[in-house]
Each structure stands twice: as structure tokens, then as C-alpha cells.
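We use all heavy atoms of the structure for the numbers below, so side chains are in, but hydrogens, waters and symmetry mates are not.
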Amino acid sequence: MEFSENVARLSPSVTMAISALAKELRDQGEDIINLSAGEPDFGTPEWITEAAVKGIRDGGTRYTPSAGLPELRKAAAESLSRLTDGRRSVRPEEVVMSCGAKHSLFSACFTLFGPGDEVLIAAPYWTSHGAIVTLARAEPAYVQGAEERDFRLTPSDLDGAATSRTRGLILCSPSNPTGTVYSQEELQAVAEWARDRDVFLINDEIYRSIYFGDDGLTRAPSLVDLPSESLGPFALVEGVSKTFA
């Protein structure tokens, strides 16, 4: 079969390939620790599964508005607002629901970027970040921070990688695959770099609640924790797959 140019440059998912290999080896009796797919090892909490069953029984199975149920968007906005300890009020109209963080990332990239655009991606990176940019027919450009900083990027790193075609920047903090977490100050420096260069900033924060820092925080720093004046155009990608399985 001859594929279209839309997918011709894509490669099979490395994550899924490793996951399949781990399963195959485990089935052969090997003692395998699978660090491929980012899936929690606990079950979905009962209050969530019960609510899902109740929603189905109550008829919540019809088409929804494309941006998501209004009451769900409102609840998500209120949740994000609470997590900022009153520093920011997120409005429901700023929230778009999707069927997963990858769907949100795809929608953002496909909407914002296209042929001729370059998108910086913090490396080491989740393999789908580059694939999604490629699907948008833009060019991924990988930029890596110093190992002694656990690969976190600085404005200097970004200055060295940006070109006249740079239109976007994708971060992932807490990071898949390294686990590194940007402090609020580091995140603010990167956000202000993007603001000053009119680069659209996307932070993949799907692992935000899985955080074990020694700073007394229960969640990793987020873009919504930053002062409004530090932010240019940005998108925050969140979800429940990691936090609630």
C-alpha cells in the first residue's frame, strides 16, 4: 500500500514496540521491568468507575459539543484555578476537552503549525511530540539542555537553536522520559523567552500530579502558576490518565 504524504515520514511508535517486546519476553518467563508506556500500576479509583457506570445508565452517551460538555469545562477550569491558590482564575472558555492528552497535543499542533514552520522540542523527548509536529507538516527541531541541569532548557539553549522559522516550543514538565521537573523560576524564564520571540509555548503537564519534590509542593510547577505578564501565547496540556489511571 502506498501511503499519502501526510504519514509518509512517520515511524512506528518506539514506545509501543518496546512495550510489545517487554510483554513477549515476560510471556517467555523473563523477569522484566517495563519502563515503556507511561501507565500507572494502580487501578482506576472506584468512585471514578462508579461515576462512569452511572453516567452511562443515566444516558450520558450522546454527542457532545466539540469543545466538551460545558459543565465539564467549567469543572476543569475551577480545578485549575484552585491549584493556583488564587493567583489565577481560569475561565471555562479557555478550556477545551479531548479524548486524551495526545489528542490535545495533536489538535494544538495541527491548528498552530504547518509547512515551513519549525517547532523546538525539549530533548530527551516523548516520541509522539516529534511525530505530531511532523503530522502537521512542520519540522521538529530537538534541543537538549546540559546533562548537569538534568537536561532542563535555558533561554541560552533556546537562543542557540531558534531560527527565523521557529514558531513553537514544546516542553514536557515533569518530563517523559527523564523525570526532570522545571522549577517555577526556570519555567518562567523559558516562558518569557517564548513571549519575547512570539513563539507559541506548549507545556505537556500530563505528569504534573506525580511529583515527589522536596519543596513542600504536591504538584509540579505549571504554566498557570506564572504571572500573566510572563506569558505570551501558550497551551497547557493536562489529563487524568496518569493521575487517575
Side-chain angles (χ1 to χ4, degrees), residues 38 67-68 73-98 100-109 111-113 119-123 125-126 128-129 132-133 143 145 149-155 157-158 162 166-176 178-211 213 215-243:
R73 296 171 69 194
K74 181 174 183 288
E78 290 174 348
S79 175
L80 280 170
S81 298
R82 281 196 304 272
L83 294 179
T84 68
D85 294 326
R87 292 187 299 274
R88 179 187 294 273
S89 178
V90 180
R91 295 175 286 118
E93 54 267 32
E94 295 177 299
V95 176
V96 175
M97 310 308 297
S98 73
K102 185 184 285 191
H103 180 198
S104 292
L105 285 162
F106 172 82
S107 297
C109 290
T111 301
L112 294 166
F113 313 128
V119 181
L120 302 180
I121 298 176
Y125 60 95
W126 178 46
S128 289
H129 287 149
I132 288 169
V133 169
V143 52
R149 290 197 310 274
D150 294 330
F151 309 108
R152 293 188 297 277
L153 297 177
T154 66
D157 296 324
L158 294 166
T166 301
R167 180 96 186 273
L169 167 62
I170 299 177
L171 292 182
C172 184
S173 178
S175 170
N176 175 0
T178 66
T180 192
V181 180
Y182 284 74
S183 69
Q184 185 164 332
E185 292 75 19
E186 291 169 330
L187 203 56
Q188 184 169 336
V190 170
E192 291 176 352
W193 179 91
R195 176 204 62 192
D196 294 344
R197 288 155 184 79
D198 197 28
V199 169
F200 199 100
L201 174 61
I202 299 174
N203 193 24
D204 182 350
E205 300 186 8
I206 189 66
Y207 289 101
R208 187 185 178 199
S209 295
I210 303 178
Y211 180 61
D215 49 15
L217 300 176
T218 58
R219 291 174 178 81
S222 164
L223 291 183
V224 293
D225 295 325
L226 302 181
S228 298
E229 59 269 21
S230 293
L231 291 162
F234 77 95
L236 180 161
V237 176
E238 250 276 26
V240 297
S241 60
K242 313 304 181 186
T243 307

Checklist entry - Looking only at heavy atoms, which two atoms of Tyr182 and Leu153 are closest? And how far apart? => result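 Looking at all heavy atoms of both residues, the closest pair is OH-N, 2.8 Å.
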
Which distance, rounded to the nearest 0.5 Å, do you find between the [atom1] of [X] and the [atom2] of [Y]?
| X | Y | atom1 | atom2 | value |
| --- | --- | --- | --- | --- |
| Glu94 | Arg73 | CD | CZ | 10.0 Å |
| Ser222 | Leu187 | OG | CG | 7.5 Å |
| Leu158 | Leu171 | CG | CG | 7.5 Å |
| Cys109 | Ile170 | SG | CD1 | 4.0 Å |

Whether the side chain of [X] engages the backbone of [Y] through a donor-acceptor N/O pair (distance < 3.5 Å, no angle test) should be reported.
| X | Y | result |
| --- | --- | --- |
| Arg208 | Glu238 | no |
| Ser79 | Ala75 | no |
| Thr84 | Ser81 | yes |

Checklist entry - Taking it one step at a time, do Arg88 and Ser228 satisfy side-chain contact (heavy atoms from CB on, under 4.5 Å)? => result CA-CA 8 Å; Arg88 179 187 294 273; Ser228 298; 3.6 Å; yes

Item to check | Pair Ser173-Asn203, side-chain contact (heavy atoms from CB on, under 4.5 Å): steps then yes or no | outcome: CA-CA 7 Å; Ser173 178; Asn203 193 24; 4.1 Å; yes

Checklist entry - Given side chains that start at C-beta, do those of Leu201 and Trp193 come closer than 4.5 Å, heavy atoms only? => result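 Not in contact.
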
Next on the checklist: Is any side-chain heavy atom of Ile206 closer than 4.5 Å to one of Trp126?
Outcome noted: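 Of all side-chain heavy-atom pairs linking Ile206 with Trp126, none is under 4.5 Å.
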
Item to check | Chi angles and distances behind the side-chain contact (heavy atoms from CB on, under 4.5 Å) call for Ile132, Lys102 | outcome: CA-CA 9 Å; Ile132 288 169; Lys102 185 184 285 191; 4.0 Å; yes

Next on the checklist: For a salt bridge (Lys or Arg N to Asp or Glu O under 4.0 Å) check, start with the C-alpha distance between Arg219 and Asp225, then their side-chain angles and the critical distance, and finish with the verdict.
Outcome noted: CA-CA 11 Å; Arg219 291 174 178 81; Asp225 295 325; over 6 Å; no

Checklist entry - How far apart are the C-alpha atoms of Leu83 and Val224, what are their side-chain angles, what is the distance that settles it, and do they pass the side-chain contact (heavy atoms from CB on, under 4.5 Å) test? => result CA-CA 9 Å; Leu83 294 179; Val224 293; 5.9 Å; no

Item to check | Member of Glu192, Glu186, Glu185, Gln184 meeting the side chain to side chain donor-acceptor pair (under 3.5 Å) criterion with Gln188 | outcome: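 The passing option is Glu192.
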
